[in-house]
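Because the structure is predicted, anything quoted here is derived from the model rather than measured.
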Amino acid sequence: MKQTASMKPWILVGLGTSAAAVWLSSKPNRIRTKLAFNTIKRKIRPDYSSKTKVLPVDKGGQPDPSDYEDSKMVSEGSAYGVQYFNEKKQ
């Protein structure tokens with residue numbers, strides 16, 4: 001009896017996988033499923049980059065080449081030099 005009870009989840013997984021394989025074997029069903037998945041994905045996590053058309057930074061990540069310390073910080077991955085440059089320009 002224990003063996004049958006422990007096999008039930010695996011039988012359900014197998015039936016679900018088989019049903020999905022039969023459903024996705026047809027090209028119109030694959031297209032319909034993909035469109036539905038993309039619609040749900042856009043509702044859950046919208047892409048903000050497609051909504052903005054203008055970049056907020058004119059010259060980001062381009063330090064003055066004569067300022068060695070600033071160039072060194074930016075090359076190491078620090079954004080402080082870029083922020084300082086932007087504040088200085090404004």
Quiz item: Passes side-chain contact (heavy atoms from CB on, under 4.5 Å), K8 versus L12? Steps please.
Solution: CA-CA 6 Å; K8 283 184 182 181; L12 292 175; 5.5 Å; no
task = May I ask you to test the R32-W23 pair for a side-chain heavy-atom distance under 4.5 Å?
result =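 Yes, close enough: below the 4.5 Å cut-off.
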Nearest 0.5 angstrom please: W10 CH2 to T17 OG1, how far?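 The OG1 atom of T17 is 10.0 Å from CH2 of W10, to the nearest 0.5 Å.
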Taking atom CG of L35 and atom CD1 of I40, what is their separation to the nearest 0.5 Å?
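The CD1 atom of I40 is 11.0 Å from CG of L35, to the nearest 0.5 Å.
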| task | Mark yes or no for whether N29, through its side chain, and L24, through its backbone, hold a donor-acceptor pair below 3.5 Å. | result |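 Checked: no pair found.
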